[in-house]
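Note that the coordinates shown come from a computational prediction; the quantities given were computed from them, not determined experimentally.
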Amino acid sequence: MDIRLNNTMSREKEVFKPLTAGEVKLYTCGLTVYNYAHIGNLRAYIFADTLKRMFLFNDYKVNHVMNITDVGHLTGDEDEGEDKMEAGARREGKTVWEIVDFYTKAFFKDLERLRILFPTTTCRATEHVGDMIEMIKKIEANGYTYIAGGNVYFDTSKLPDYGKLARLQLDEDRMRSRVESDPYKRNPFDFVLWFTRYKYTDHAMQWDSPWGRGFPGWHIECSAMSSKYLGESFDIHTGGIDHIPIHHTNEIAQSEAAFGHEWVNYWLHSEFLVIGEGEKMSKSLGNFITLQTLIDMGYDPMDYRYYLLGAHYRKQLAFTFEALDGARNAMKRLKIGIAELKESQSPSAFADPQLLEEFHEAINDDLNTPRALAVLWKVIDSEDLSAGEKLALIEQFDRVLALGLAEVESDTIPGEIEELALQRKQARKDRNWKRADELRDLISEKGYEILDDRDGYKIRKK
RNA sequence: GGCGACGUAGCCAAGGGGUCAAAGGCGGAGGUCUGCAAAAUCUCUACUCAAGGGUUCAAAUCCCUUCGUCGCCUCCA
């Protein structure tokens, strides 16, 4: 079955053709680790994970690389371009290295809690400065750089198709930038590959280079590390939609300048999660919610994953707790339903190929997870399928959805609770309603609820 | 100021020229079951896709205008 993906480069859904048959080389722009990831950031990684799982579902081998940015990001104009790491360190009275370590661990923990498959390779920018320097040398040798004010710049005017991803109109008059541009730049689109001069002389992260002691520009890390682990061209590059005009545009520029050929075949971008009065969630705006916040509020990470899967990754999603509650209720029903199926039967082989096909088509069509969830509900509610067939299908679906549905256990009920339930059954038989209700309350206090049905009762953990 | 996206039921959200009198979930209403409660289950919940024009045999889907919302142009997922 074809896999169709929306390629930002063409702005169209294209049939996926791998460079190597049966294999996908995938690069995901990771997080800048100067603070906790917020749930908006995490949307991008759940998207990338769903993409990867879709390929695995299609029997592809996936070589997945994700970077961790731990150097070189300048903050915006408001605080005059201080390095984010440095700012984080000062804020918390720690060294930059401690900051990086702490937030990287926190990030990985979030990924795990969200059942995001860990990449084949994760790589830190600071551990690949040598690779970046080598790459800058290549770009320099190919004639795409100039040095001004102590920094090495990429000369965008040398690249005829600069800005092709974002379809930038390179008309300076129309680019009325809101920030004062770097006076050393020859062209407003040029960007720094290597810094040696900087307003803050006490920058903690510095390395020697042919151009002097300093640190790399932001964009070079992704180009250098992706080519190191995936080769000089690879299949897919993912990231948030905000990366299109600057970061990815510049990655393409420097990579194609260095390698002399097209670099990445498919660019996939996820849209933003927005919050409140339709405002994007962002660390610099300080309006962010972390996964831990949600957990503390009593949500399960899977509730959040379900919530995201309910919307297409290329649509902006306005976060509300009302909607998240809806997802949580849906998850609860799913888990209860599956636990009941498991009580009656274990997965059997004779699954309905039509529903599997429907599901497969949905995910292969540019990751249409909302439609995939609709198929899941169709299976749950089906009157034609046996419990075993349903479970078998759900197990398959969960390879992609990763909602932990395959792992749902039917509750084991302690003997004490069973005993109380039996007593209550007898009380009911005796029509001693008062006693029966007392026993129900007691069971409830112990964390279980008892549900009467036609033939008897069921006990469920609350 | 420039560029881009979006506007589908109370809420979230698929669909993106005919199979649409528009998936699915949440919520809500009613019925069945029942000592009560809960659960379960069944039925109902958009004659309509922001508004107005246009193209077409045919439009939620294409084009134009207006209104509204958001994103990017600056570190950002």
message = Please tell me if A/Asn329 has a side-chain N or O lying less than 4.0 Å from either OP1 or OP2 of B/G25.
response = no
Note: A/Asp365-A/Arg371 ion pair, threshold 4.0 Å (strictly below) = yes
message = Please give the distance between the C1' atoms of B/U61 and B/U48 as a whole number of Å.
response = 14 Å
query = Do any N or O atoms from the side chain of A/Lys25 and from the backbone of A/Ser226 form a donor-acceptor pair under 3.5 angstrom?
reply = no
inquiry  = Going by salt bridge (charged side-chain N to carboxylate O under 4.0 Å, His left out), name the residues that satisfy it together with A/Lys335, two or more places apart in sequence or in a different chain.
reply    = none
task = Let me have a per-nucleotide readout for nucleotides 11-23 of chain B, 5' to 3', with B, S or -, counting only protein heavy atoms under 4.0 Å.
result = SSSSSB------B
task = Return yes if some donor-acceptor pair links the side-chain N/O of A/Asn67 with the main-chain N/O of A/Gly30 below 3.5 Å, else return no.
result = yes
inquiry  = Are B/G24 and A/Trp377 stacked, with the base six-membered ring and the side-chain ring centres under 5.5 Å apart and planes under 30°?
reply    = no
inquiry  = Holding to ring pair (Phe, Tyr, Trp, His ring centres under 6.0 Å), I want the full list of residues that pass it with A/Phe191, two or more places apart in sequence or in another chain.
reply    = A/Phe154, A/His219
Polar side-chain contact A/Asp242-B/G71 base: donor and acceptor under 3.5 Å = no
key: Listed partners of A/Phe359 passing ring pair (Phe, Tyr, Trp, His ring centres under 6.0 Å), at least two apart   = A/Phe57, A/Phe397
request  = Confirm from the modelled atom types if A/Arg440 and B/A37 form a donor-acceptor pair under 3.5 Å, side chain to base only.
outcome  = yes
inquiry  = So, OP1 or OP2 of B/C26: does either fall under 4.0 Å of a side-chain N or O from A/Arg333?
reply    = yes
query = When the ring planes of A/Tyr45 and A/Phe107 are compared, do they come out parallel, tilted or perpendicular, using 30° and 60° as the limits?
reply = perpendicular
remark   = Stems for RNA chain B (at least 3 consecutive Watson-Crick or G-U pairs, under 3.5 Å) come to B:1-7 with B:67-73, B:10-12 with B:24-26, B:27-32 with B:40-45, B:50-54 with B:62-66
task = Would you list the pairs meeting ring-ring contact (aromatic ring centres under 6.0 Å, His included) in which at least one residue belongs to residues 321-345 of chain A, sequence neighbours left out?
result = A/Phe319-A/Phe321
